[in-house]
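Read through the structure below, which is laid out as structure tokens, and then see the notes.
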Amino acid sequence: AQKVTQAQTEISVVEKEDVTLDCVYETRDTTYYLFWYKQPPSGELVFLIRRNSFDEQNEISGRYSWNFQKSTSSFNFTITASQVVDSAVYFCALSEAYYGNNRLAFGKGNQVVVIP
Amino acid sequence: DTAVSQTPKYLVTQMGNDKSIKCEQNLGHDTMYWYKQDSKKFLKIMFSYNNKELIINETVPNRFSPKSPDKAHLNLHINSLELGDSAVYFCASSQDPRVGSQGYEAFFGQGTRLTVV
């Protein structure tokens, strides 16, 4: 069974501070895919990044960076120099290849509040 | 151009009514989904269709019936609406996950906020 845990419910930071969101997952599959999505106050779900289980290369994209560690089953996400527009709920999600259906299991989300 | 579009964006209706939510994607994807987001923002898959074929039916009550007239459309019909059906319903699409081994991100519509009174 898939399981995604995002322990922090709400995180408040002052603008320009860094914020790291933790994601821990459980899967019995050897091939799986991890995702981060952003849900701003307007409500839409915006895809941010996908990582495959066989690709542990971490990535930096502008102010966003991701740290994928299979050994600890974690896929953490960092926003550097946060801005007010980063205020949103961020979801970590897992999909297992075995099922071949791209079913996304979501964590409960992290509400990020950036205070100006 | 909107990639995944849902209509309506808001839907307020009385208990017992039947309602439909429409979804269309112009990304050329073969696979479409319905997800439900509850009041605590928890997202859970309801259905998945691939090329008009039902792939996932995630123990959703029979009152919910998806219909896919073609691979670009996946509509959700709900009979005999109940108070507990109030939620935000998201349509999404992706490339066929059974092709290749990359895993494919799903692109979501803007959501339909359903309120049953």
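Both backbone and side-chain heavy atoms feed into the values below; hydrogens, waters and symmetry mates do not. Below, chain A is the first sequence line, B the second, and so on; all start at residue 1.
Proximity of B/Y33 to A/L104: side-chain heavy atoms (C-beta onward) are nowhere separated by under 4.5 Å.
Using a 4.5 Å cut-off between side-chain heavy atoms of Ile, Leu, Val, Met, Phe, Trp and Tyr, with links allowed through other members, B/F47 and B/L11 fall into the same hydrophobic cluster. Linking ILVMFWY residues whenever their side-chain heavy atoms come closer than 4.5 Å, directly or via other members, places A/V4 and A/L21 in the same cluster. When hydrophobic clusters are built by joining Ile, Leu, Val, Met, Phe, Trp and Tyr residues whose side-chain heavy atoms come closer than 4.5 Å, directly or via intermediates, B/L83 is grouped together with B/L114. B/F64 and B/L81 fall within the same hydrophobic cluster, where Ile, Leu, Val, Met, Phe, Trp and Tyr residues are linked whenever their side-chain heavy atoms come under 4.5 Å apart, directly or through other members. Residues A/Y90 and A/V24 do not share a hydrophobic cluster, clusters being chains of Ile/Leu/Val/Met/Phe/Trp/Tyr side chains in contact below 4.5 Å.
Residues that satisfy the side-chain hydrogen bond (donor to acceptor under 3.5 Å, both in side chains) test with B/N17, not counting sequence neighbours, are B/T13. Shown here are the side-chain hydrogen bond (donor to acceptor under 3.5 Å, both in side chains) partners of B/R113, two or more places apart in sequence or in another chain: there are none.
Taking all atoms of both residues into account, the shortest heavy-atom contact from A/Q39 to B/F90 is NE2-CZ, 3.4 Å. In this structure, A/F35 and B/E105 approach most closely via the heavy-atom pair CE2-CA, 3.5 Å. For the residue pair A/F106 and B/Y35, the shortest heavy atom distance occurs at CE1-CE2, 3.7 Å.
For residues 108-116 of chain A, a heavy-atom distance under 4.5 Å to chain B picks out A/K108, given by residue number. Heavy-atom proximity under 4.5 angstrom to chain B picks out nothing from residues 73-82 of chain A.
Within 6.0 Å of atom CG in B/D70, more than 12 heavy atoms from other residues, nucleotides or ligands are found, so the atom counts as buried in its surroundings. The neighbour count for A/E10 CD, taken as heavy atoms of other residues, nucleotides or ligands under 6.0 Å away, is above 12. Within a 6.0 Å sphere centred on NZ of B/K9, heavy atoms belonging to other residues, nucleotides or ligands number 12 at most. Counting heavy atoms of neighbouring residues, nucleotides and ligands inside a 6.0 Å radius, atom CD1 of A/I60 does not exceed 12 of them.
The line from CD1 of B/I45 to CZ of A/R103 is 6.0 Å long, rounded to the nearest 0.5 Å. Interatomic distance, OG1 of A/T9 versus NZ of B/K40, reported as 11.0 Å (0.5 Å rounding).
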